[in-house]
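Written below as structure tokens is the structure these notes are about.
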Number of protein chains: 2
Amino acid sequence: MAQSDTVDRILDAAEELFAERGFSETSLRMITSKAKVNLAAVNYHFGSKNALIHAVFARFLTPFSATLEKAFDELEESCGDQPPTLNQTLWALTESAVRMPQRNEKGISIFMRLLGLAYTQSQGHLRKFLEQEYGDPFSRFMRLLKAATPQLSAVDRYWRIQFMLGATAFTMSSSDALRDILQNKTGVETSVQEIAMRLVPFLAAGMQAEDTMLVPPKGSKVSVA
Amino acid sequence: MAQSDTVDRILDAAEELFAERGFSETSLRMITSKAKVNLAAVNYHFGSKNALIHAVFARFLTPFSATLEKAFDELEESCGDQPPTLNQTLWALTESAVRMPQRNEKGISIFMRLLGLAYTQSQGHLRKFLEQEYGDPFSRFMRLLKAATPQLSAVDRYWRIQFMLGATAFTMSSSDALRDILQNKTGVETSVQEIAMRLVPFLAAGMQAEDTMLVPPKGSKVSVA
DNA sequence: GTCTGTTTTAAACATACGTTTGAAGCCAAT
DNA sequence: ATTGGCTTCAAACGTATGTTTAAAACAGAC
């Protein structure tokens with residue numbers, strides 16, 4: 001609560017509403033009324049709705065990318081001249097995400113959902129903003145992946161990275177809903193940490209799959225182009 | 001052009017625009033002007049924008065689910081009393097999708113993107129519509145997956161299916177863009193069929209991953225809850 | 001206490017949206 | 001030629017959006 005800082009109250013409300021409903025589906029009036037501030041406050045403090053969206057991402061992503069860079073530094077150092085393994089790389093990313101200081105109990109899952117939305121909901125301005133602001137740690141992650149999977153051809157690696165991104169972004173972007181469904185069906189509670197721990201082995205196994213299965217089973221009508 | 005059927009022209013334009021920009025970000029005015037029909041035509045022929053969205057999905061999904069049911073029938077028959085394997089099940093789905101008669105060269109990739117959007121862009125009405133209309137083949141697919149992965153716990157299977165859906169929907173939904181990137185970087189051409197053939201082994205491997213990796217590598221600070 | 005710059009407020013603005021209306025157009029059957 | 005049922009059309013409706021305005025409230029410095 002503190003001294004009722006308007007800017008933070010707006011960011012908190014926006015973060016939550018964006019995650020629940022998406023960007024275009026969330027109006028400034030929803031945000032300001034949830035934040036209990038005047039409608040004009042958003043344009044006064046941020047300039048525009050798009051700038052507010054950027055600010056929501058920056059508030060999480062700036063400290064996160066710093067944490068991630070540090071984790072990669074440590075990892076590479078501890079490996080000496082050997083490149084880190086695939087598992088180590090994926091875990092470094094996962095831990096950096098999970099261990100981020102969280103504003104509230106929902107914390108990380110809200111942000112995962114936002115990242116997923118950023119990817120799927122093709123808001124040009126957001127894509128450009130993220131690329132420009134946080135392209136470096138992303139490229140570094142890509143370089144680590146390349147070193148960790150030397151057995152893959154460039155084309156194979158390219159596609160499998162897309163598959164990984166997809167599984168992650170998609171799952172995280174609806175993780176709340178998915179968790180609720182599972183909760184209702186089986187009574188099992190699932191934390192974001194647990195999802196991540198299930199996701200990593202899945203991704204690692206897929207990434208390292210033998211492509212002997214590339215040939216369809218006999219009788220299949222799909223032909224190799 | 002045939003006899004300039006307004007309904008089809010609207011469906012074509014809507015399908016393409018929805019896939020490009022999402023549902024809320026596509027206005028009826030964009031659709032009708034792309035389709036070169038009057039604005040009121042949508043409400044006249046479909047009743048509402050939501051009903052138009054449903055119609056776009058139904059036009060593809062109805063024949064597809066019929067094809068898929070047939071493919072599952074054949075598969076189960078050819079297997080006798082043995083349940084189909086994971087690979088067979090995934091291939092049956094893939095082939096049904098790939099072999100659908102396509103209206104144009106983009107065909108399937110447009111529709112994959114729409115399916116991805118339907119999942120992420122949480123449009124309540126769409127979710128309800130799809131569940132109600134096409135829940136049966138989906139449940140059947142789930143049952144086949146369950147029979148093909150008896151070694152997995154229900155919870156593991158649940159999450160891994162989500163990961164599969166994610167990798168698929170995400171990759172396919174942006175496959176055009178991804179293909180172009182790869183084309184520019186390496187000069188390699190990739191068809192949707194080829195993507196599918198790379199995807200299936202990835203999914204199968206992830207699905208069947210040993211979960212011994214569930215324990216983080218030593219030195220990790222992530223604890224099992 | 002007055003002044004100065006910042007923040008908040010209520011109101012309005014301009015624009016875009018989905019939807020509705022009622023007249024006009026069309027085309028086959030009478 | 002006239003009727004009757006679809007279909008198209010231009011125009012308008014009501015509502016919601018992001019943004020701007022100008023006055024009011026506030027805070028700290030002098």
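Chain letters run A, B, ... following the sequence lines, proteins first, then strands; residues in each count from 1.
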Give every residue pair that meets the salt bridge (charged side-chain N to carboxylate O under 4.0 Å, His left out) criterion with at least one member in residues 130-140 of chain A, sequence neighbours excluded. Glu69(A)-Arg140(A), Asp73(A)-Arg140(A), Glu76(A)-Arg140(A)
Enumerate the salt bridge (charged side-chain N to carboxylate O under 4.0 Å, His left out) contacts for residues 31-55 of chain B, please, sequence neighbours excluded, ordered by first and then second residue. Glu16(B)-Lys34(B)
Excluding sequence neighbours, so at least two apart, what forms ring pair (Phe, Tyr, Trp, His ring centres under 6.0 Å) with [X]?
{"X": "Phe57(B)", "answer": "Phe111(B)"}
{"X": "Phe23(B)", "answer": "Phe18(B)"}
{"X": "His45(B)", "answer": "none"}
{"X": "Phe129(A)", "answer": "His54(A)"}

Could you work out, with salt bridge (charged side-chain N to carboxylate O under 4.0 Å, His left out) as the rule, every residue matching Arg157(B), not counting sequence neighbours? none
With distance as the sole test, does Ser65(A) use its side chain to make a donor-acceptor pair with the main-chain N or O of Thr62(A) at under 3.5 Å? yes
Separation of [N] [atom2] from [X] [atom1] (nearest whole Å):
{"X": "Ile10(A)", "N": "dT8(C)", "atom1": "CD1", "atom2": "P", "value": "8 Å"}
{"X": "Ile53(A)", "N": "dG18(D)", "atom1": "CD1", "atom2": "C1'", "value": "12 Å"}
{"X": "Leu28(A)", "N": "dA11(C)", "atom1": "CG", "atom2": "C1'", "value": "17 Å"}
{"X": "Phe46(A)", "N": "dG18(D)", "atom1": "CZ", "atom2": "C1'", "value": "15 Å"}
{"X": "Arg29(A)", "N": "dA11(C)", "atom1": "CZ", "atom2": "C1'", "value": "11 Å"}
{"X": "Ile31(A)", "N": "dT17(D)", "atom1": "CD1", "atom2": "P", "value": "11 Å"}
{"X": "Leu17(B)", "N": "dG18(C)", "atom1": "CG", "atom2": "P", "value": "12 Å"}
{"X": "His45(A)", "N": "dT6(C)", "atom1": "NE2", "atom2": "P", "value": "12 Å"}

Given dT8(D), is OP1 or OP2 found less than 4.0 Å from the side-chain N or O atoms of Thr6(B)? yes
Got a list of protein N/O to nucleotides 20-28 of chain C N/O distances below 3.5 Å?
none

Can you name the side chain to side chain donor-acceptor pair (under 3.5 Å) partners of Ser27(B), sequence neighbours left out? none
Can you sort out the partners of Asn38(A) under side-chain contact (heavy atoms from CB on, under 4.5 Å), two or more places apart, ordered by chain and number? Ala40(A)
Per-nt protein contacts along nucleotides 22-28 of chain D (heavy atom under 4.0 Å; B base, S backbone sugar-phosphate only, - none) come out as -------
I want to confirm an ordering. Mapping Lys36(B) and Ser27(A) to their closest nucleotides on DNA chain D, which one lands closer to the 5' end? Lys36(B)
What is the bend of the helix from dG1(C)-dC30(D) to dT30(C)-dA1(D) when you compare the axis at one end with the axis at the other, using five pairs each and rounding to 10°? 10°
With no hydrogens and no angle check, just 3.5 Å: does a side-chain donor-acceptor pair link Gln162(A) and Thr171(B)? no
Would you classify Thr26(B) as touching base, sugar-phosphate or nothing, given that sugar-phosphate means primed atoms plus P, OP1 and OP2, and contacts are heavy atoms under 4.0 Å? sugar-phosphate
